[in-house]
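Let me begin by presenting the structure, written as structure tokens, before commenting on it.
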2 protein chains.
Amino acid sequence: MAAAPKLVGVSTQTVVSERPKRADARRNFDRLVAQARTAFAERGTDASLEEIARRAGVGIGTLYRHFPTRQDLVVAVVHDRMAELNAKAVALLDAPSPEDALISWLWAYLEHAGEFRGLADSMAETVQAGSLTCCADMKSAAAALLSRAQRAGVIRSDVDTLDLLQLMHAVAWSAERCGKDTARAGRMLTVVLDGLRGAPADQAGR
Amino acid sequence: MAAAPKLVGVSTQTVVSERPKRADARRNFDRLVAQARTAFAERGTDASLEEIARRAGVGIGTLYRHFPTRQDLVVAVVHDRMAELNAKAVALLDAPSPEDALISWLWAYLEHAGEFRGLADSMAETVQAGSLTCCADMKSAAAALLSRAQRAGVIRSDVDTLDLLQLMHAVAWSAERCGKDTARAGRMLTVVLDGLRGAPADQAGR
DNA sequence: ACCTGAACACCGTTCAAGT
DNA sequence: ACCTGAACACCGTTCAAGT
């Protein structure tokens with residue numbers, strides 16, 4: 001409830017997760033992220049790490065040095081886009097309609113989570129854990145948009161930020177299976193969004 | 001729309017997926033399913049197949065002979081419970097309230113899909129493919145319950161059976177991550193169920 | 001008709017040696 | 001400080017040989 005004022009200081013320029021300092025190290029870091037991006041796009045988040053290292057022209061040990069876990073690599077790949085989402089959320093706080101602002105952000109978030117196969121799963125895990133600063137920032141940003149919409153009475157008051165984001169991950173996860181059937185994916189999102197507005201009974205009682 | 005009358009002949013006793021005939025083969029089949037069940041319960045659907053074979057006292061080749069793909073094994077494990085769900089659906093067609101009947105069945109379905117980690121994903125895949133008779137039966141059963149509720153006007157008319165089931169899989173998938181936090185899982189289901197009833201605006205317009 | 005398990009392929013992960 | 005790649009462990013999958 002007090003999330004909105006607390007967000008005033010949210011940085012759109014999220015801290016880049018400790019980049020290496022030495023020239024060659026940084027070059028390898030960037031190459032690995034770039035190759036991981038294309039590999040994830042082709043094969044999903046469970047693409048072969050060895051192949052990523054090979055395509056980046058780097059030993060497998062170097063990959064592990066920079067990214068001890070696969071999640072670290074996934075996060076690095078989507079880091080910039082997450083920063084964009086943070087910025088968008090902050091900008092949307094000034095939009096006239098609290099409802100449209102939230103919905104529009106959720107659409108962007110959903111598009112992000114569906115960028116490659118397995119990302120929705122990965123995001124659900126990462127956001128849940130919440131140990132990363134970029135995720136924490138995004139949660140704050142989402143919280144601000146959500147609570148504004150709730151204060152406007154257009155979103156039910158009993159859902160919290162994690163509910164909201166996990167529901168989006170769930171829809172994105174489901175959409176992965178729909179493939180070209182965007183109509184189905186759209187209907188599922190519609191159902192969830194309508195559910196977020198509240199039960200018909202509650203609304204009728206106002 | 002014509003799903004309900006078509007369902008009259010649905011068999012609660014689903015056809016058992018071609019059990020082997022020879023005594024030893026059948027014994028191995030049953031042992032594999034039993035060990036797979038406990039392995040899935042412990043490690044999820046991506047438990048080691050070699051360990052399952054070993055624990056069943058059977059060569060790995062025998063496992064592959066009976067279950068060419070992992071999905072086949074998963075389906076075999078949950079087969080009986082799916083038959084129970086079919087029976088329950090048919091029984092609930094006679095319940096007085098179409099809405100309560102559907103909701104109560106969805107709860108049962110959700111409980112089933114959350115039996116072990118990875119099952120929701122597996123179900124989503126299997127139901128989507130829809131090549132198995134037990135899945136086809138369940139889809140028919142769900143379709144009957146759904147269309148009855150839709151005819152009663154308590155569920156929005158623009159969702160189909162696959163939408164409904166995939167939304168349940170999505171909720172179950174999300175719930176896997178909640179663990180002990182059943183309150184969050186409950187809230188997510190509530191949101192989806194309310195969404196299934198329709199948009200507040202639509203309801204208000206009646 | 002069915003079972004067995006060696007054999008092959010592939011991947012993740014670590015770590016001693018190197019610059 | 002960082003890189004390399006051999007080495008190890010583990011798993012999935014196939015298939016020739018056996019009953």
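The structure presented is a predicted model; accordingly, all values stated were derived computationally and were not measured. In what follows, chains are A, B, ... by sequence order, proteins preceding strands, each numbered from 1.
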Look up atom CG in A:L164 and atom NE2 in A:H169, then write down how far apart they are to the nearest 0.5 Å.
9.5 Å
Which residues pass the salt bridge (Lys or Arg N to Asp or Glu O under 4.0 Å) test with B:R177, not counting sequence neighbours?
A:D121, A:E125
Using whole Å, what does the distance between atom C1' of nucleotide C:dG12 and atom CD of A:Q71 come to?
16 Å
Taking protein heavy atoms under 4.0 Å as touching, what does nucleotides 14-19 of chain D look like 5' to 3' if B marks base contact, S marks sugar-phosphate-only contact and - marks none?
BB----
Residues two or more places apart in sequence or in another chain: which of them pass salt bridge (Lys or Arg N to Asp or Glu O under 4.0 Å) with A:E115?
A:R81
For A:D194, is there an ion pair with B:R156 - N to carboxylate O distance below 4.0 angstrom?
yes
Would one find a side-chain N or O of A:N28 under 4.0 angstrom from OP1 or OP2 of D:dC2?
no
Rounded to whole angstrom units, what separation is found between the CZ atom of B:R54 and the C1' atom of D:dC11?
13 Å
Going by the rule side chain to side chain contact (heavy atoms under 4.5 Å, CB included), which residues pair with B:T126 if we only count those two or more places apart in sequence or in a different chain?
B:Q71, B:V75, B:S122, B:L132, B:C135
Partners meeting side-chain hydrogen bond (donor to acceptor under 3.5 Å, both in side chains) with A:D46 (sequence neighbours left out):
none
I need the residues from residues 43-52 of chain B with at least one non-hydrogen atom less than 4.0 Å from DNA chain D; give them sorted by number, or say none.
B:A47, B:S48, B:L49, B:E50
Output the single nucleotide from C:dT4, D:dC2, D:dG12 whose closest atom is nearest the side chain of A:A25.
D:dC2
Using a 4.0 Å heavy-atom cut-off, does B:R65 contact any base of the nucleic acid, only the sugar-phosphate backbone, or nothing at all?
base
Distance check: side-chain N/O of A:H66 vs OP1/OP2 of D:dC3, anything under 4.0 Å?
yes
Rounded distance (Å) that lies between atom P of C:dC2 and atom CG of B:L32:
14 Å
Taking only residues two or more places apart in sequence or in another chain, which ones pass side-chain hydrogen bond (donor to acceptor under 3.5 Å, both in side chains) with A:D72?
none
Just to verify, what does B:R184 make a salt bridge (Lys or Arg N to Asp or Glu O under 4.0 Å) with, not counting sequence neighbours?
A:D160, A:D163, B:D181
With sequence neighbours left out, what residues match B:D24 under side-chain hydrogen bond (donor to acceptor under 3.5 Å, both in side chains)?
B:R22
Base-pair string, DNA chain C, Watson-Crick plus G-U, cut-off 3.5 Å on both distances, | for inter-strand, is ||.|||||...|||||.||
Can you sort out the partners of A:A95 under side chain to side chain contact (heavy atoms under 4.5 Å, CB included), two or more places apart, ordered by chain and number?
A:L92, A:A101, A:R148
Residues that B:A39 engages under side chain to side chain contact (heavy atoms under 4.5 Å, CB included), provided they are two or more places apart:
B:A47, B:I52, B:R55
d(CZ, A:F67; P, C:dT13) in whole Å:
15 Å
The nucleotide from D:dT4, D:dG12, C:dC3 with an atom nearest the side chain of B:T62 is C:dC3
